[in-house]
Enquirer: 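Here it is, the structure, as structure tokens.
Just so you know, these numbers use all the heavy atoms, side chains as well, and skip hydrogens, waters and symmetry mates.
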Amino acid sequence: MIKIQSAEYCGNHQIQLTFSDGAQRVLDLHAYRSTRKGPLLDELEDENLARQCYVDTGALCWPNGLELAPAPLYELQGAA
């Protein structure tokens, strides 16, 4: 089972993700939000909240309660 090991906010709503197998992906929150909706996800428009990402038990999380599963993020196009 793939897990996120680390997440680093890089600015401009970009998050560098490193997975348990060593793969890396860049999550563009603007692009991600353009195809998904929800009140917790919409709050990430605020860059101050977006930069507060952290990893908890292998998932990408924020203090507002949003948690993104690692598998769909792993499938993002293009390795970093």
Enquirer: State, to 0.1 Å, how close A59 and P70 come at their nearest heavy-atom pair, and which atoms those are.
Expert: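 Closest approach of A59 to P70, heavy atoms only: CA-CD, 4.3 Å.
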
Enquirer: Find the distance between CG (D28) and SG (C10) and round it off to the nearest 0.5 Å.
Expert: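 Going from the CG atom of D28 to the SG atom of C10 covers 11.0 Å.
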
Enquirer: How close do H13 and E45 get, heavy atom to heavy atom, and via which atoms?
Expert: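 Smallest heavy-atom distance, with atoms named: NE2-O, 3.3 Å.
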
Enquirer: Taking side chain as C-beta onward, heavy atoms only, is R33 less than 4.5 Å from L44?
Expert: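 Of all side-chain heavy-atom pairs linking L44 with R33, at least one is under 4.5 Å.
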
Enquirer: Minimum heavy-atom separation for R36 and L41, please, with both atom names.
Expert: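 Closest pair (atom of R36, atom of L41, distance): CB-CD2, 3.6 Å.
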
Enquirer: Once rounded to the nearest 0.5 Å, what's the spacing between atom NZ of K3 and atom CZ of F19?
Expert: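 So the NZ of K3 and the CZ of F19 are separated by 13.5 Å.
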
Enquirer: Just to verify, what does D21 make a side-chain hydrogen bond (donor to acceptor under 3.5 Å, both in side chains) with, not counting sequence neighbours?
Expert: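 Expected list: Y74.
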
Enquirer: Give me the atom names and distance for the closest heavy-atom approach of N48 to R51.
Expert: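 Residues N48 and R51, closest heavy atoms: O-CG, 3.3 Å.
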
Enquirer: Could you tell me which non-hydrogen atom of L17 sits nearest to which non-hydrogen atom of I4, and how far apart they are?
Expert: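 Nearest pair, atom of L17 first, then I4: CD2-CG2, 4.4 Å.
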
Enquirer: Can you see which heavy atom on L49 is nearest to which on W62, and at what distance?
Expert: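 Scanning both residues, the minimum pair turns out to be O-CD1, 3.2 Å.
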
Enquirer: Who are the side-chain hydrogen bond (donor to acceptor under 3.5 Å, both in side chains) partners of D46, not counting sequence neighbours?
Expert: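 Partners of D46 by the side-chain hydrogen bond (donor to acceptor under 3.5 Å, both in side chains) criterion come out as none, since no residue qualifies.
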
Enquirer: Can you name the side-chain hydrogen bond (donor to acceptor under 3.5 Å, both in side chains) partners of E8, sequence neighbours left out?
Expert: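 Expected list: none.
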
Enquirer: Could you tell me the separation between the CG atom of L27 and the CG atom of L76, rounded to the nearest 0.5 Å?
Expert: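 L27 atom CG to L76 atom CG measures 6.0 Å (nearest 0.5 Å).
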
Enquirer: To the nearest 0.5 Å, how far apart are CD in E67 and CG in L40?
Expert: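 It comes to 11.0 Å.
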
Enquirer: Does the pair T18 and Q24 meet the rule for a side chain to side chain donor-acceptor pair (under 3.5 Å), with working shown?
Expert: CA-CA 5 Å; T18 302; Q24 295 187 331; 3.3 Å; yes

